[in-house]
Amino acid sequence: MLVDYEAPSPTCMLITSSWAIDFVIFFITISYLVIKFYARNNDFFKKRGVKYVKPKPIVGNVGRVMLLQENTGNILKEIYDSTDAPYYGMFFFHVPYLVLKSPQLIKEVLVKEFGHFMNRTWAQAKHDEIQKNMMFFQHGEEWKLTRAKVSPVFTSGKLKGMFYILKDNGELLVDFLRKNADNVDLEKMTMRYVLNGISRCFFGINPHCLEDGVKSEFLDIIQEGSRPSTLDALRMFCFLYHHKMVDFFKLNMFNKKMVDYCANTFNDVLKTREEARRSNNMRVNDMADIIIDLKYDEEFNKNFDFGGDKVLAQPFMFLLAGNGTTTMSLTFTLYELCINPDVQSKLRDAINEMIDDYGGITYEGLMDKKYSYIDMVLAETHRMYPAIFYLDRTCTSDFQLPGTDYVVRKGEKIIIPTWALHYDEKYFPDPYKFNPERFLKRVNEDGFYYVPFGEGPRECIGNRFALLNLKVALSSIIPNFSVEKTPQTPARMKLDPVGLSAIPKGRLIVDFKPLT
Ligand code: HEM
């Protein structure tokens with residue numbers, strides 16, 4: 001007898017007879033396991049008797065950063081303002097961080113006890129020869145060696161030697177602005193100046209960013225890679241808080257097109273320089289020369305393998321660390337001068353006086369304390385818009401925080417909340433006002449609360465170069481132009497919630513009205 005026979009469905013049912021119910025059970029189980037996994041450190045500070053902010057499942061205390069509603073700086077500031085303790089705990093996702101609020105403790109960690117806190121907290125992507133070997137990400141002895149070998153690029157003598165390039169760059173900027181004075185996008189314009197200067201000073205290459213009508217491929221590529229997209233921000237989170245994902249997915253921190261372009265450019269520069277050295281012993285003692293020295297330095301190579309792409313790590317580091325930060329500093333400074341015309345006019349007087357006294361823009365004039373108003377304006381920009389919202393360190397050997405009974409354990413991560421400190425009314429009254437005069441008073445007399453370039457042996461290696469470069473830019477622009485608002489200039493600065501650094505939300509458009 002024939003019986004109607006229904007073949008069993010190929011759908012595999014695991015637990016119940018309904019795939020939909022199976023799916024729900026599976027989803028709930030996975031969610032539970034993920035939440036459990038992320039909650040495994042939640043009692044970290046409780047067990048250790050430290051005040052802390054209770055974390056939310058998965059996102060810890062930075063949910064709004066994840067949702068791109070608020071930047072990291074403001075989240076850290078909210079917690080800082082509401083916590084009355086010299087140090088406290090918080091969570092970036094599942095990772096516990098000890099935040100230092102006391103300027104004295106900050107000084108201990110950054111300077112006095114630096115030996116216990118030498119490393120940053122970022123992942124070193126083992127698969128990425130360039131990123132892993134950049135000074136910013138290096139650890140311990142490797143970092144010490146690189147820093148010692150690269151530091152000579154930044155001596156006063158070297159800065160003085162490079163000054164003629166910066167000055168020429170300032171003149172090119174003035175010419176550029178004369179031809180492009182209206183509706184200027186500040187960030188785009190300042191990047192032209194900064195990239196041109198860094199490339200010429202450190203690598204002896206001219207990317208032609210300030211030549212009107214000349215297309216600069218270098219500028220286009222760097223500009224494309226410099227504004228973080230949402231995906232870039234997520235990748236950055238992995239480098240900071242999800243190190244295992246970096247290794248597992250072999251994530252790269254930087255835009256591939258930019259890395260490839262720069263790698264080719266630097267390789268060409270190094271090759272040309274090596275040839276010039278061989279054929280006519282030519283040296284200019286810039287970054288390229290220092291890298292070639294290191295390549296053939298037996299002592300250095302004994303401790304540190306410098307082959308392959310590793311050779312490109314430091315030049316790339318300088319370009320990335322120097323370009324974005326200085327571009328933003330100049331952008332924010334010009335914006336603040338635009339909306340604070342009284343400060344702009346005072347700065348113009350100081351610069352004109354310096355130019356009269358020294359017969360032009362000179363290295364000596366810019367270093368002269370008599371014209372410290374220029375330094376004060378930049379100091380105030382760096383207070384209001386520090387390049388990085390916080391400094392970070394990893395403890396490398398157990399250390400008892402002085403004056404407390406808390407022992408920071410090896411591997412524990414530390415945050416110094418730069419943004420929150422710079423807006424603390426205790427140190428900077430009326431903190432949302434752009435007021436260079438506040439720097440008439442010395443800062444950091446008893447501990448550190450003003451740290452735009454970091455502090456201690458791991459502070460920014462390029463800070464003096466950056467300040468010189470910024471002073472040249474202001475001394476070139478301000479006597480020649482009045483920076484003025486357009487209908488598109490925002491009355492108040494709004495920051496982009498994406499990224500770890502202060503970036504304006506939207507474009508800052510101003511006019512440069514010629515004065516002569
Ligand atoms: C206004 C411009 C700049 C600002 C605000 C800035 C800020 C910073 C900050 C906050 C740090 C971390 C310091 C710490 O952890 O204590 C840093 C590190 C660093 N900066 Fe800058 N920077 C600027 C320009 C530059 C320039 C022009 C260069 C190179 C040409 C540079 C190269 C570096 C490097 C290599 C590091 C890592 C140093 C190390 O790990 O030893 N920076 N910078």
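All ligand and atom numbering here is 1-based and tracks the order in the structure.
- Annotation: Tyr193 is not in aromatic contact with Phe176 [ring centroid separation under 6.0 Å not met].
- Under the 4.0 Å criterion applied to side-chain N and carboxylate O atoms, Arg200 and Asp168 are assigned as salt-bridge partners.
- Nearest to atom 38 (C) of ligand 1 by heavy-atom distance, out of Gln138, Arg147, Met118, is Arg147.
- Using 4.0 Å as the threshold, Arg393 has a heavy atom nearer than that to some atom of ligand 1.
- Ranked by closest heavy atom to atom 2 (C) of ligand 1, the top entry among Leu320, Leu378, Val153, Thr325 is Thr325.
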Exercise for the section: Could you check Gln104 against Asp446 for side chain to side chain donor-acceptor pair (under 3.5 Å), going step by step and ending with a plain yes or no? Expected result: CA-CA 7 Å; Gln104 292 73 32; Asp446 179 24; 3.3 Å; yes
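- Across the listed options Cys460, Gly462, Gly324, Ala466, Cys460 owns the non-hydrogen atom lying nearest to atom 18 (C) of ligand 1.
- Two rings, from His422 and Tyr449, have their centers 6.0 Å or more apart.
- No heavy atom of Phe137 sits closer than 4.0 Å to any atom of ligand 1.
- Only the side chain of His382 comes within 4.0 Å of ligand 1, judged by heavy-atom distances.
- Side-chain atoms of Asn74 and Trp419 form a donor-acceptor pair, as typed in the model, at a separation below 3.5 Å.
- Figure legend: cation-pi geometry between Arg383 and Phe428, with NZ or CZ positioned under 6.0 Å from the six-membered ring centre and within 45° of its axis.
- At a heavy-atom distance under 4.0 Å, atoms from both the backbone and the side chain of Ala321 approach ligand 1.
- Close to ligand 1: Arg120, with a non-hydrogen atom less than 4.0 angstrom away.
- Taking only non-hydrogen atoms, the option from Phe154, Phe465, Phe332, Tyr385 nearest to atom 29 (C) of ligand 1 is Phe154.
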